[in-house]
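Right, one structure below, let's go through it.
Throughout, residue positions are numbered sequentially from 1 according to the sequence presented. Indexing begins at 1, ligand by ligand and atom by atom, following the structure's order.
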Amino acid sequence: MGGLEEEKHARYIVSVEKKKDDFESLVIEHLRMNGAYWGLTTLDLLNKIGAIDADAVVSWVMECQDKDCGGFAGNLGHDPHLLYTISAVQVLALLDRLDVLDIEKVSDYVAGLQNEDGSFSGDMWGEIDTRFSYCAICCLSLLGRLSKINVEKAVNYIVSCKNLDGGFGSIPGGESHAGQIFCCVGALAITGSLHHVDRDLLGWWLCERQCKDGGLNGRPEKLADVCYSWWVLSSLIMIDRVHWIDKEKLTRFILNCQDKDNGGISDRPDNAVDVFHTYFGVAGLSLMEYPGLKTIDPAYALPVDVVNRIFFTK
Ligand code: GRG
């Protein structure tokens with residue numbers, strides 16, 4: 001089967017970054033900030049972040065900031081949202097350029113989206129989702145400003161989204177889904193609140209996500225998808241149950257989703273590749289300590305050396 005095509009994946013990511021008018025670029029036009037985070041983190045995990053023009057990326061990121069409220073948009077001329085603000089902060093963290101930020105302005109924007117019950121809205125229009133709780137908590141932690149929110153209420157809200165199967169949903173009573181579980185477990189890990197998780201119950205639900213083909217799905221009865229290699233494995237690592245997964249079979253599933261000619265990774269074998277699945281495939285392999293890749297932090301979704309630089313070199 002062969003191994004990971006590091007060079008080809010790096011070339012694929014750089015080519016997507018350069019193109020602005022092909023199908024894939026147009027599809028993600030409105031969420032290019034997320035695309036920048038997926039692509040640059042992939043390059044960094046592959047030890048190839050030097051392949052991009054960091055100054056150009058930093059000035060584009062800063063142009064996407066709404067100068068009034070301090071939040072970041074998915075692209076130039078779009079509206080700010082927590083989903084893009086976390087990616088902007090993560091991209092600047094990767095490039096070691098957090099110094100360009102007005103930290104108080106950005107953290108005030110994020111903290112201002114907390115509601116009375118501890119939940120977070122994604123933007124001024126008010127949709128609530130545990131994805132936004134994670135974005136806010138991860139972002140504020142990276143900026144050293146968690147003290148700007150009511151952490152106890154934020155944690156209690158996340159705990160109110162816990163289900164009888166041990167998983168978490170997007171709102172209280174919402175179906176357990178691996179993506180939301182990553183958000184809730186990640187936010188609980190960052191705030192030192194993992195005692196709210198029933199590790200065995202959740203670990204069992206998560207390891208049942210492994211399908212016959214070795215890949216992981218996001219909830220019962222669904223097809224495996226490379227991206228769940230990240231959402232499921234990172235959660236299992238945070239609750240110390242990753243040894244309940246067959247890593248060899250999962251590694252083979254991810255490697256089978258590579259485009260071995262042109263680079264990139266798809267959701268399932270023989271499908272079209274994209275930056276999202278390329279990132280989560282490489283990140284999943286990094287969580288399984290695939291040789292030659294940088295190690296990624298399961299809670300912050302950034303390379304461990306980047307997280308250490310932020311927290312240990314002040
Ligand atoms: C920094 C890594 C990182 C994330 C930021 C936005 C966010 C926080 C997390 C998103 C979590 C999430 C909900 C992921 C799931 C994404 C996904 C593939 C959804 C597809 O849902 P369905 O219902 O697919 O279309 P299934 O697989 O259930 O059929």
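The proximity of Asp225 to ligand 1, defined as any non-hydrogen pair under 4.0 Å, does not occur for either the backbone or the side chain. Under 4.0 Å from ligand 1, the heavy atoms of Cys227 that appear belong solely to its side chain.
Between Lys222 and ligand 1, an N or O atom pair is found at a separation short of 3.5 Å. Below 3.5 Å of separation, one finds an N or O of Tyr228 facing an N or O of ligand 1.
The nearest heavy-atom contact from the protein to atom 13 (C) of ligand 1 is Gln180 OE1, 3.5 Å. Scanning all protein heavy atoms for the shortest distance to atom 7 (C) of ligand 1 gives Cys183 SG, 4.1 Å. From the protein, the heavy atom lying nearest to atom 12 (C) of ligand 1 is Gly179 CA, 3.4 Å. Of the protein's heavy atoms, Gln90 NE2, 3.5 Å lies nearest to atom 1 (C) of ligand 1. With respect to atom 8 (C) of ligand 1, the closest heavy atom belonging to the protein is Tyr134 CD2, 3.7 Å. The nearest protein atom to atom 15 (C) of ligand 1, hydrogens excluded, is given as His177 CE1, 3.8 Å; this is a heavy-atom distance. Closest protein heavy atom to atom 16 (C) of ligand 1: Trp231 NE1, 4.3 Å. For atom 28 (O) of ligand 1, the closest non-hydrogen atom of the protein is Arg219 NE, 2.8 Å.
Distance alone, capped at 3.5 Å, is enough to place a donor-acceptor pair between the Gln258 side chain and the Leu255 backbone. Panel note: side chain Thr191, backbone Leu188; a donor-acceptor pair is recorded below 3.5 Å.
The closest approach between a heavy atom of Tyr300 and any atom of ligand 1 is not below 4.0 Å.
A distance of 7.5 Å separates CG of Asp79 from CG of Asp123, quoted to the nearest 0.5 Å. Taken to the nearest 0.5 Å, the CG atom of Leu146 stands 5.5 Å off from the CG atom of Leu140. Interatomic distance, Ser229 OG to Leu250 CG, rounded to the nearest 0.5 Å: 4.5 Å.
For atom 25 (O) of ligand 1, the nearest protein heavy atom is 4.0 Å or more away.
Relative orientation of the Tyr300 and Phe311 rings is tilted, given thresholds of 30° and 60° on the angle between their planes.
There is a side-chain donor-acceptor pair under 3.5 Å between Asp129 and Gln180.
Under a 4.0 Å criterion applied to the non-hydrogen atoms of Leu83, ligand 1 contributes the atoms 6 (C).
Remark: Leu76 CG is packed, more than 12 non-hydrogen atoms of other residues, nucleotides or ligands lying under 6.0 Å away.
Tested against Tyr37 for a ring pair (Phe, Tyr, Trp, His ring centres under 6.0 Å), the candidates Tyr279, Tyr84, Phe276 yield a single pass: Tyr279.
Not less than 6.0 angstrom separates the ring centroid of His78 from the ring centroid of Phe72.
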